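No experiment lies behind these values; they were computed from the predicted model shown. Numbered from 1 within each chain, the chains take letters A, B, ... in sequence-line order.
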There are 2 protein chains.
Amino acid sequence: MTRKPAAKAEVMTIREMCAAYDVTPRTLRFYEAKELLSPIREGTRRLFTRRDRARLTLILRGKRFGFSLEDIRQTLDLYDRDGSDAAQRQRACEIARERLAIMEAQRAELDVAIADLKAELAASATNTATQRGTAPSHAAE
Amino acid sequence: MTRKPAAKAEVMTIREMCAAYDVTPRTLRFYEAKELLSPIREGTRRLFTRRDRARLTLILRGKRFGFSLEDIRQTLDLYDRDGSDAAQRQRACEIARERLAIMEAQRAELDVAIADLKAELAASATNTATQRGTAPSHAAE
DNA sequence: CGTTACGCTGACGTTAACGTCAACCTCTCT
DNA sequence: AGAGAGGTTGACGTTAACGTCAGCGTAACG
């Protein structure tokens, strides 16, 4: 009757997961097959823990940044430290630092791209207004 | 008057493009087939103009942000104003603004992800240090 | 007891974004 | 003239990340 603090009832069925994260069952099963998730089994059915949910959040986030599932799988190991030895954690840290560098570079480039697009939009706006354009300005990589 | 020697590099062969942008010929032909590039033809051969190069820069940039080629193709139309009528430019602007919103959201989330990863790295570092006495040699700010 | 709902496991289909390969031009150089 | 370098067009193969479908189990519901 009394609920234990953050221990037992913290599991979700596949449908609940799908609703909560806007993914299909197929996707979750696929991620499990790829060892990105590891839900516990109640008989044959999957029960997703908060660990699975945390990982799924990171997976979906990673995807939005263009990382492959394999990329993500490796980075994920950093986030759960239990069950991995010192060498594994070490490796996970290296990978994570690489990932971090990539993401920071990505952010820098994103800023450029945003500024670029804004400028182009502004130009296009004045262009539409005046119906007469100037030379296009482009910044190469 | 003949053409300026400096302006000789107006067009590039496919090989030059490949070297300059680190892509394969197949990729460039593929992009042409998808109407992302439109090199001029010298007989049967392709010659890529600065317009193609500008577009290619944007294409590769877009890809790094996880956009599909089709997404990119549509946004690209904003960048060249010639050959499109008012309605088309209008539509391109709308698409570009959507893209812009996506990218700004992406930037915000990227900040979160970076902070997250940094925190996790820091935690993992202290964890490693506690366990084995190895000092964190280089931590990010 | 049947049926409806949810879940599982293969297994094959699909789309995007190219890779790979064969077969063929077309210059240039020796 | 022959060899090679660089280019071209199909056409088929590949990988990632799922979609779709068939067939089966089971648990509850009426």
Side-chain angles (χ1 to χ4, degrees), chain A residues 9-49 52-53 55-76 95 99 102 106 141, chain B residues 8-49 52-53 55-76 95 99 102 106:
Chain A
E10 280 272 345
V11 294
M12 287 170 66
T13 75
I14 201 166
R15 285 291 162 190
E16 289 166 346
M17 289 291 285
C18 291
Y21 292 87
D22 192 33
V23 293
T24 70
R26 181 67 179 92
T27 299
L28 294 177
R29 289 193 273 260
F30 181 74
Y31 289 170
E32 184 185 4
K34 290 277 177 165
E35 294 180 71
L36 286 131
L37 299 178
S38 43
I40 54 180
R41 294 302 183 101
E42 190 190 47
T44 170
R45 297 183 175 173
R46 292 166 176 85
L47 290 178
F48 296 84
T49 67
D52 291 312
R53 293 194 297 272
R55 291 174 71 98
L56 184 53
T57 298
L58 293 169
I59 293 167
L60 298 178
R61 174 186 291 172
K63 285 199 60 185
R64 263 170 262 136
F65 299 144
F67 292 113
S68 74
L69 291 184
E70 181 52 27
D71 283 344
I72 294 168
R73 197 187 59 75
Q74 291 177 16
T75 326
L76 235 43
I95 292 174
R99 227 42 105 225
I102 292 173
Q106 201 166 354
E141 193 211 356
Chain B
K8 187 79 151 73
E10 278 277 326
V11 295
M12 287 169 65
T13 76
I14 200 165
R15 285 289 162 192
E16 289 166 345
M17 288 292 283
C18 291
Y21 292 87
D22 191 34
V23 293
T24 69
R26 181 67 178 92
T27 299
L28 294 177
R29 293 188 197 111
F30 181 74
Y31 289 170
E32 184 185 3
K34 289 279 176 158
E35 294 180 72
L36 285 130
L37 299 178
S38 43
I40 55 180
R41 294 304 182 101
E42 188 190 47
T44 171
R45 298 185 175 169
R46 290 165 177 86
L47 290 178
F48 296 84
T49 68
D52 291 311
R53 294 194 295 273
R55 290 174 73 98
L56 183 54
T57 298
L58 292 169
I59 292 167
L60 297 178
R61 174 185 290 172
K63 284 200 60 183
R64 265 171 259 134
F65 299 144
F67 291 113
S68 75
L69 291 183
E70 181 52 27
D71 283 343
I72 295 168
R73 196 186 61 74
Q74 292 178 15
T75 326
L76 235 44
I95 292 174
R99 229 40 106 222
I102 292 173
Q106 201 165 354

Within the distance-only criterion (no hydrogens, no angle test), does the side chain of R99(B) pair as donor or acceptor with the backbone N or O of D71(B) below 3.5 angstrom? yes
Is there a donor-acceptor pair under 3.5 Å between the side chain of Q106(A) and the backbone N or O of F65(A)? yes
Figure out the [atom1]/[atom2] separation between [X] and [N], and round it to whole Å.
X: E42(B); N: dG6(D); atom1: CD; atom2: P; result: 16 Å
X: E32(B); N: dG10(D); atom1: CD; atom2: C1'; result: 15 Å
X: D22(B); N: dC18(C); atom1: CG; atom2: C1'; result: 14 Å
X: I72(B); N: dA17(C); atom1: CD1; atom2: C1'; result: 11 Å
X: K63(B); N: dA16(C); atom1: NZ; atom2: P; result: 13 Å
X: E70(B); N: dC18(C); atom1: CD; atom2: C1'; result: 16 Å
X: R26(A); N: dA22(D); atom1: CZ; atom2: C1'; result: 14 Å
X: I14(A); N: dG25(D); atom1: CD1; atom2: P; result: 20 Å

Does OP1 or OP2 of [N] have a side-chain N or O of [X] closer than 4.0 Å?
X: T24(A); N: dG19(D); value: yes
X: K34(A); N: dT15(D); value: no
X: T27(B); N: dG19(C); value: yes
X: T13(A); N: dG7(C); value: yes
X: Y31(B); N: dC18(C); value: yes
X: R73(A); N: dA16(D); value: no

Atom of E16(B), atom of V11(B) and distance for their closest heavy-atom approach: OE1-O, 4.3 Å
Between R29(A) and E32(A), is the closest basic N to carboxylate O distance under 4.0 Å? no
Please tell me which of the listed nucleotides, dA17(D), dG25(D), dG7(D), lies nearest to the side chain of R45(A)? dG25(D)
Looking at dC18(C), dT9(C), dG19(C), which one has an atom nearest to any side-chain atom of R41(A)? dT9(C)
Can you find a donor-acceptor pair, distance only, under 3.5 Å between R15(B) side chain and dG6(D) base? no
Going by heavy atoms in the side chains, are I59(B) and L69(B) under 4.5 Å from each other? yes
Base, sugar-phosphate or nothing for R46(A)? Non-hydrogen atoms, less than 4.0 Å. sugar-phosphate
